[in-house]
J.: 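Okay, handing you the structure first.
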Amino acid sequence: MLFDTVVALTTPRMKAAMAVVRLSGNEAFSILSKMVRKDVSSLERRKAIYGSIYQDKENKNTLIDKCVYILFDASNSYTGEDTVEFYLHGSLIVVDELISTCIKYGAKQALGGEFSAKAYYHNKMDLIEAEGINSLINALTKRQKDFALKTVTGTNSSFLKELKEDLNLLEAEIEVDIDYPEYEESQTIEESLKDKLPKISEKAKSLLASSKRSKYLVNGIKVAIIGEPNVGKSTLLNSLIGYDKAIVSDIPGTTRDAVEGVVEYHGLVFNLFDTAGIRDKAGKIEKIGIEKSYKIAYDADVILLLENPEYVLSDEKFIALIKNKPTVKVSTKKDIYGNSDNADVSISKDEVNIGKIFDLIETKLDMEKFNDIGLSSHREIEMLESFSLCLEDALNDLSNNMSVDVIEIKLLKASSILDELMGVSSTIEDVYSTIFKNFCVGK
């Protein structure tokens with residue numbers, strides 16, 4: 001993959017005013033030279049050029065399109081390779097002719113993510129920045145976009161690099177203490193570890209906590225609306241999304257399947273699910289709906305539990321589930337029963353207090369503590385957890401007066417996890433490099 005010259009449509013595959021095709025690899029300029037009548041070697045880089053593109057430049061009857069194209073040398077391209085980008089008329093016939101012509105002259109069809117993979121392999125970005133590109137492409141709100149840009153532009157990578165540097169310095173001190181016992185410091189190595197290791201661990205914990213919240217920003221918040229029949233679930237869904245989507249009826253069991261609605265609030269995307277009412281006296285079809293309700297509730301990030309004096313959830317299976325879930329308790333039919341002291345918020349069909357409900361959901365998920373810094377993919381969060389656990393193990397060893405070389409093993413393991421997270425490699429030589437850079441050893 002790394003050495004292939006590849007080509008692909010980079011805009012959506014649909015009829016449009018314009019389409020963009022990217023050709024990247026060592027043979028990109030050579031392939032272009034077979035399709036244009038201009039001298040490619042003399043064309044200015046990073047400048048828009050207008051001209052004709054042919055399936056065979058020697059045959060005028062094989063014209064693909066008159067378009068704009070730009071040449072990028074490897075040092076200035078997205079992929080880190082020689083690249084040509086074509087800005088064509090948006091006919092899929094034109095696009096397919098261009099791509100098939102590039103393939104005829106030696107290119108391969110690019111796989112999903114291959115251009116970004118090339119950029120990573122050519123050190124144009126690290127893995128964290130590469131994963132941020134996908135978040136940026138899928139952003140639905142300005143807040144999601146701003147968060148993704150912090151990843152793409154290296155803010156999160158910089159934080160991880162600082163952690164890595166802190167660890168390298170600490171490991172370097174240990175190596176100095178082991179290899180150069182005559183090298184005197186104002187602090188013993190044990191004192192230095194007790195001073196610096198907790199700070200590094202706290203940084204890691206803070207990033208992990210923020211990253212766990214960032215998944216709600218990137219992926220949206222899944223909210224299950226749970227309660228008995230006729231408690232007001234469908235009415236609430238319609239109020240939250242701003243239009244009538246769920247059927248509202250005083251007949252119990254009207255909602256037998258989940259009804260989904262999506263709404264944005266504070267830059268967060270809320271995926272709301274109105275579920276089948278939960279009751280013992282349910283028919284065969286209704287029971288299937290109740291089982292679906294349980295699955296939705298199980299998978300949800302937060303529960304909106306609707307109750308009032310007339311309808312109180314009694315199903316033990318759901319009660320047990322809700323105990324382990326962030327839950328906002330909503331008392332309905334306020335116009336009949338008044339405010340409830342046992343609920344987080346009381347509502348009626350004419351007074352829903354939408355903003356407060358969304359604010360309560362954010363509070364239950366600790367989103368007010370989220371500072372828009374963090375990682376968001378499952379891989380990243382899983383590795384951050386392992387990294388933080390390694391540091392905790394090292395702290396436990398330190399508090400149990402374990403030897404310094406045992407603690408160093410834990411720190412080296414933590415460094416290795418951090419390298420894997422960022423997609424880089426380092427060795428003990430990096431520690432030695434830090435030693436000689438920061439200490440007056442061998443003077």
Side-chain angles (χ1 to χ4, degrees), residues 1-125 129-130 132-139 145 148-149 152-153:
M1 178 179 72
L2 181 59
F3 302 106
D4 291 336
T5 297
V6 297
V7 63
L9 176 67
T10 62
T11 47
R13 186 172 173 79
M14 58 185 294
K15 183 176 71 174
M18 188 179 74
V20 180
V21 171
R22 178 181 288 151
L23 173 68
S24 178
N26 294 334
E27 302 300 318
F29 295 162
S30 173
I31 291 171
L32 177 66
S33 69
K34 296 177 174 66
M35 300 163 63
V36 298
R37 295 186 169 186
K38 294 181 171 68
D39 179 7
V40 171
S41 63
S42 66
L43 294 177
E44 191 173 347
R45 278 27 174 182
R46 292 194 294 167
K47 180 180 179 180
I49 301 163
Y50 177 74
S52 298
I53 305 290
Y54 297 91
Q55 295 180 49
D56 177 359
K57 70 177 183 179
E58 303 301 331
N59 185 348
K60 287 185 177 181
N61 294 323
T62 63
L63 178 68
I64 297 172
D65 195 13
K66 285 182 175 291
C67 67
V68 171
Y69 54 96
I70 303 175
L71 286 71
F72 299 88
D73 284 326
S75 59
N76 290 309
S77 75
Y78 173 75
T79 60
E81 299 175 328
D82 290 343
T83 299
V84 183
E85 291 187 353
F86 300 89
Y87 301 84
L88 309 149
H89 291 98
S91 163
L92 293 179
I93 296 295
V94 172
V95 168
D96 290 342
E97 279 191 0
L98 175 60
I99 291 175
S100 63
T101 301
C102 290
I103 291 172
K104 179 178 72 174
Y105 290 128
K108 293 183 178 180
Q109 175 69 50
L111 302 173
E114 190 163 359
F115 292 122
S116 294
K118 284 175 174 286
Y120 164 69
Y121 287 125
H122 289 105
N123 297 315
K124 287 287 185 176
M125 64 179 74
E129 292 164 346
I133 290 171
N134 196 45
S135 296
L136 181 58
I137 290 170
N138 290 304
K145 184 268 294 183
L149 279 176
V152 172
T153 56

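Bear in mind the structure is a predicted one, so any value in this text is a computation, not a measurement. In what follows, every heavy atom counts, from backbone to side chain, and hydrogens, waters and symmetry copies are set aside.
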J.: Work out which heavy atom in Ser52 is nearest to a heavy atom in Lys66; give both atom names and the distance.
T.: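 Closest pair (atom of Ser52, atom of Lys66, distance): OG-NZ, 3.0 Å.
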
J.: What residues, two or more places apart in sequence or in another chain, satisfy salt bridge (charged side-chain N to carboxylate O under 4.0 Å, His left out) together with Lys47?
T.: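 Salt bridge (charged side-chain N to carboxylate O under 4.0 Å, His left out) check on Lys47 returns Glu44.
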
J.: Does anything in residues 5-20 pair up under salt bridge (Lys or Arg N to Asp or Glu O under 4.0 Å), and if so which pairs, sequence neighbours excluded?
T.: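 For residues 5-20: Arg13-Asp96.
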
J.: Tell me, with the steps shown, if Tyr54 and Arg37 meet side chain to side chain contact (heavy atoms under 4.5 Å, CB included).
T.: CA-CA 9 Å; Tyr54 297 91; Arg37 295 186 169 186; 4.0 Å; yes

J.: Could you list the residues that satisfy side chain to side chain contact (heavy atoms under 4.5 Å, CB included) with Ala110, not counting sequence neighbours?
T.: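 With neighbours one apart ignored, the set is Val6, Ala8, Glu114, Phe115.
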
J.: Determine, stepwise, if the pair Gln55 / Met35 fulfils side chain to side chain contact (heavy atoms under 4.5 Å, CB included).
T.: CA-CA 6 Å; Gln55 295 180 49; Met35 300 163 63; over 6 Å; no

J.: Counting neighbours of NZ on Lys124 that are heavy atoms of other residues, nucleotides or ligands and sit closer than 6.0 Å, is the number greater than 12?
T.: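 Yes, NZ of Lys124 has more than 12 neighbouring heavy atoms, counting only those of other groups under 6.0 Å.
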
J.: How far apart are the closest heavy atoms of Ala48 and Val68, and which atoms are they?
T.: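 Where Ala48 meets Val68 most closely, the heavy atoms are CB-CG1, 3.8 Å.
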
J.: List in chain and number order the residues that pass side chain to side chain contact (heavy atoms under 4.5 Å, CB included) with Arg45, two or more places apart in sequence or in another chain; answer none if no residue qualifies.
T.: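 Once residues adjacent in sequence are excluded, the partners of Arg45 under the side chain to side chain contact (heavy atoms under 4.5 Å, CB included) criterion are Phe29, Leu43, Leu71, Asp73.
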
J.: Would you call Glu85 and Val21 a side-chain contact if the rule is heavy atoms closer than 4.5 Å?
T.: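 Result no, sub-4.5 Å side-chain heavy-atom pair not found.
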
J.: Count the heavy atoms of every other residue, nucleotide or ligand shown that sit under 6.0 Å from CD1 of Ile93, and state whether that count exceeds 12.
T.: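 Count not over threshold, so no.
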
J.: Applying side chain to side chain contact (heavy atoms under 4.5 Å, CB included), name anything that partners Asp56, two or more places apart in sequence or on another chain.
T.: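 Here the qualifying residues are Glu58, Asn59, Thr62, Tyr105.
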
J.: How far does OG1 of Thr83 sit from CG of Leu32, to the nearest 0.5 angstrom?
T.: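 If I round to the nearest 0.5 Å, the distance is 11.5 Å.
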
J.: Answer whether the closest heavy-atom distance between the side chains of Ile70 and Ile49 falls below 4.5 Å.
T.: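 No, side chains not in contact.
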
J.: Could you tell me the separation between the CZ atom of Phe86 and the CZ atom of Arg22, rounded to the nearest 0.5 Å?
T.: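 The CZ atom of Phe86 sits 12.0 Å away from the CZ atom of Arg22.
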
J.: Looking at Ala28 and Val84, what are the two nearest heavy atoms and their distance?
T.: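 Taking every non-hydrogen atom into account, O-CG2, 4.1 Å.
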
J.: To the nearest 0.5 Å, how far apart are OH in Tyr69 and CG in Leu88?
T.: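 So the OH of Tyr69 and the CG of Leu88 are separated by 12.0 Å.
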
J.: Considering residues at least two apart in sequence or located in another chain, which fulfil the side chain to side chain donor-acceptor pair (under 3.5 Å) criterion with Ser42?
T.: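 Residues passing side chain to side chain donor-acceptor pair (under 3.5 Å) with Ser42: none at all.
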
J.: What closest approach, in Å, do Lys57 and Ser33 show between heavy atoms, and which atom pair accounts for it?
T.: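 Shortest heavy-atom contact: NZ-O, 3.0 Å.
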
J.: Test side chain to side chain contact (heavy atoms under 4.5 Å, CB included) on Val7 and Lys108; report intermediate values, then the result.
T.: CA-CA 6 Å; Val7 63; Lys108 293 183 178 180; over 6 Å; no

J.: When you compare the side chain of Thr5 with that of Ile31, does any pair of heavy atoms fall below 4.5 Å?
T.: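 Sidechains of Thr5 and Ile31: in contact.
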
J.: Return the minimal non-hydrogen interatomic distance between Ile133 and Ser116, and the atom names on each side.
T.: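 Taking every non-hydrogen atom into account, CD1-OG, 4.0 Å.
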
J.: On a heavy-atom basis, which atom in Leu149 and which in Thr153 lie closest, and how many Å separate them?
T.: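 Smallest interatomic distance, heavy atoms only, reads O-OG1, 2.6 Å.
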
J.: How many angstroms lie between CG in Asp65 and CD1 in Ile53, if you round to the nearest 0.5 Å?
T.: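 CD1 of Ile53 is found 8.0 Å from CG of Asp65.
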
